[in-house]
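One structure is given below, encoded as structure tokens.
What's counted below: heavy atoms across the whole structure, side chains too, no hydrogens, waters or symmetry copies. Chain identifiers are assigned alphabetically (A, B, ...) following the order of the sequence lines, protein sequences preceding nucleic acid strands; residue numbering begins at 1 within each chain.
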Protein chains: 2
Amino acid sequence: MLQSHQYLRQFSIKPSVQRSAVMNFLMKNRIHPTIDEIYMALVPTMPTLSKTTVYNTLDLFVEKGAVQALVIDGRNARYDVNISAHGHFMCKSCGKIHDVFDLDASMFKLPETTDFKIDSVDVSYFGVCKSCQGN
Amino acid sequence: MLQSHQYLRQFSIKPSVQRSAVMNFLMKNRIHPTIDEIYMALVPTMPTLSKTTVYNTLDLFVEKGAVQALVIDGRNARYDVNISAHGHFMCKSCGKIHDVFDLDASMFKLPETTDFKIDSVDVSYFGVCKSCQGN
DNA sequence: TTATTTATTGTTATGATTACAAAGATATAG
DNA sequence: CTATATCTTTGTAATCATAACAATAAATAA
Ligand SMILES: [Mn+2]
Ligand SMILES: [Mn+2]
Ligand SMILES: [Zn+2]
Ligand SMILES: [Zn+2]
């Protein structure tokens, strides 16, 4: 499997200890985590880690195109190391965010409107996930 | 043109003075405003208006289905009285949000995945708008 | 080594949203 | 009409995510 520091170099990001740790977490926990979730997961083994560094790191990753930021959650920014075109589903009940891969590729085509220079597309679904439907 | 208080009654919302004013603003200013923009626009002519009331009012409108909340802006919630299926474009430079109507209807069809009970779909584009491309 | 750049940290500020209780307005029963 | 219950608005305070900023530390270049 591709190591986090190798992946970072592909995007011209110098792999510091903190950056590698954040990227490693993203690669192994593909749950679209928030800044706080990343920080809370890493700080036990990196006691000097600052949340500011997590913010800086993710901003850099997005700027360099190594991860994508999701705006599906109105409250927090969420991050996805899978930068391929795919949709997301957010459960209104448990808040978990799932990938939606079975979308037609045309979903991510740009519309005919030429007034805008479009860089990225977000396709977001909202509803109730399987395990929450029982409640 | 449909009056705001008539529109509210269609969604079983009692039209108080504040609610009608907020809805009237949304109907006449289809710019996907934030809570703060709505409050700032109304408070000069309604000096006792509370921002809490604007929050409560928009929450009620969304709950009753009279407006849709957009998550395209990571910072603020934005509201749209146009509840038909259409996409949005956000300019990274000026922050303005434009409607994208020329999307195929299939964009808003639900995917084959049956594990999720899907209530709504958001299609959001990000980039630079025409007038900001000159800079 | 020394100077310069880059990365990380901690503190503080800002701004959006929520929680909650009090006050005011409206509707309804008697 | 008047009392009572319900709905609506208001104000304050708390919470929480994020940004700004300066100080420290580490890495790199000269
Ligand atoms: Mn994903
Ligand atoms: Mn719109
Ligand atoms: Zn769920
Ligand atoms: Zn613009």
Side-chain angles (χ1 to χ4, degrees), chain A residues 4-5 8-9 11-25 32-64 66-79 90 92 95 97, chain B residues 4-5 8-9 11-25 32-64 66-79 90 92 95 97:
Chain A
S4 55
H5 60 273
L8 291 177
R9 284 207 197 87
F11 292 90
S12 313
I13 298 168
K14 288 187 192 169
S16 72
V17 174
Q18 291 82 351
R19 288 171 182 174
S20 292
V22 170
M23 180 53 74
N24 191 53
F25 180 83
H32 316 94
T34 65
I35 292 281
D36 194 64
E37 284 168 353
I38 297 167
Y39 174 75
M40 287 305 186
L42 297 182
V43 75
T45 52
M46 296 183 75
T48 68
L49 180 67
S50 162
K51 197 181 273 190
T52 305
T53 296
V54 183
Y55 273 101
N56 293 340
T57 300
L58 271 300
D59 286 351
L60 179 69
F61 288 179
V62 170
E63 188 191 315
K64 295 286 190 177
V67 308
Q68 63 171 313
L70 305 184
V71 297
I72 191 172
D73 178 353
R75 198 177 302 271
N76 313 313
R78 289 176 176 274
Y79 298 91
M90 180 171 184
K92 291 174 179 172
I97 292 178
Chain B
S4 55
H5 59 273
L8 291 176
R9 285 206 197 89
F11 292 90
S12 313
I13 298 168
K14 288 188 193 169
S16 71
V17 173
Q18 291 82 352
R19 288 172 182 173
S20 291
V22 170
M23 180 52 74
N24 191 53
F25 180 82
H32 316 93
T34 64
I35 292 282
D36 194 63
E37 285 168 354
I38 298 167
Y39 173 75
M40 288 307 185
L42 297 182
V43 75
T45 53
M46 296 181 76
T48 67
L49 180 67
S50 162
K51 197 181 273 190
T52 305
T53 296
V54 183
Y55 275 101
N56 293 339
T57 299
L58 271 300
D59 287 350
L60 179 69
F61 288 179
V62 170
E63 187 191 317
K64 294 287 190 177
V67 309
Q68 61 171 314
L70 305 185
V71 297
I72 190 172
D73 178 352
R75 198 178 301 271
N76 313 313
R78 291 177 175 273
Y79 298 91
M90 182 172 184
K92 290 173 180 172
I97 292 178

When you measure from the side chain of B/R19 to the backbone N and O of B/K14, does any donor-acceptor pair fall under 3.5 Å? yes
inquiry  = With a cut-off of less than 4.0 Å, is there a side-chain N or O of B/T53 near OP1 or OP2 of D/dT10?
reply    = yes
Atom CG of B/L8 and atom P of D/dC7 are separated, to the nearest Å, by 18 Å
Original post:
So what does B/T48 touch, heavy atoms closer than 4.0 Å: a base, only the sugar-phosphate, or nothing?
Top reply: sugar-phosphate
Picking from D/dA19, C/dT17, D/dC7, the nucleotide nearest the side-chain atoms of A/Y55 would be D/dA19
Ranking B/P47 and A/D59 by the position along DNA chain D of their nearest nucleotide, the one closer to 5' is B/P47
Nearest-nucleotide check on DNA chain C, B/D36 vs B/K14; residue mapping nearer the 5' end is B/D36
Here the distance between atom P of C/dT17 and atom CZ of B/R75, to the nearest Å, is 11 Å
Separation of D/dA25 atom P from A/L49 atom CG, nearest Å, is 17 Å
A/F61 CZ to C/dA7 P, in whole Å, measures 11 Å
Scan A/N56 against the nucleic acid and name what it touches under 4.0 Å (heavy atoms): base, sugar-phosphate only, or nothing. base
Checking D/dT8, C/dA19, C/dG10 against the side chain of B/S16 (C-beta onward), the nearest is D/dT8
Between CE of B/M40 and C1' of C/dA16 the distance, given in whole Å, is 13 Å
From CG of A/L60 across to P of C/dT9 the rounded distance in Å is 15 Å
To the nearest angstrom, the NZ-C1' distance between B/K51 and C/dT14 comes to 12 Å
Rounding to the nearest 10°, end axes of the helix from C/dT1-D/dA30 to C/dG30-D/dC1 built from five pairs each make an angle of 10°
Checking C/dT9, D/dT8, D/dT10 against the side chain of B/R19 (C-beta onward), the nearest is D/dT8
Of the candidates D/dT12, C/dA16, D/dT9, the side chain of B/Q18 sits closest to D/dT9
query = Do any N or O atoms from the side chain of A/H32 and from the backbone of A/I97 form a donor-acceptor pair under 3.5 angstrom?
reply = yes
query = Going by heavy atoms in the side chains, are A/K51 and A/V43 under 4.5 Å from each other?
reply = no
Main-chain N/O of A/L49 paired with A/T53 side-chain donor or acceptor, under 3.5 Å = no
To the nearest angstrom, the CD1-C1' distance between A/I38 and C/dT8 comes to 17 Å
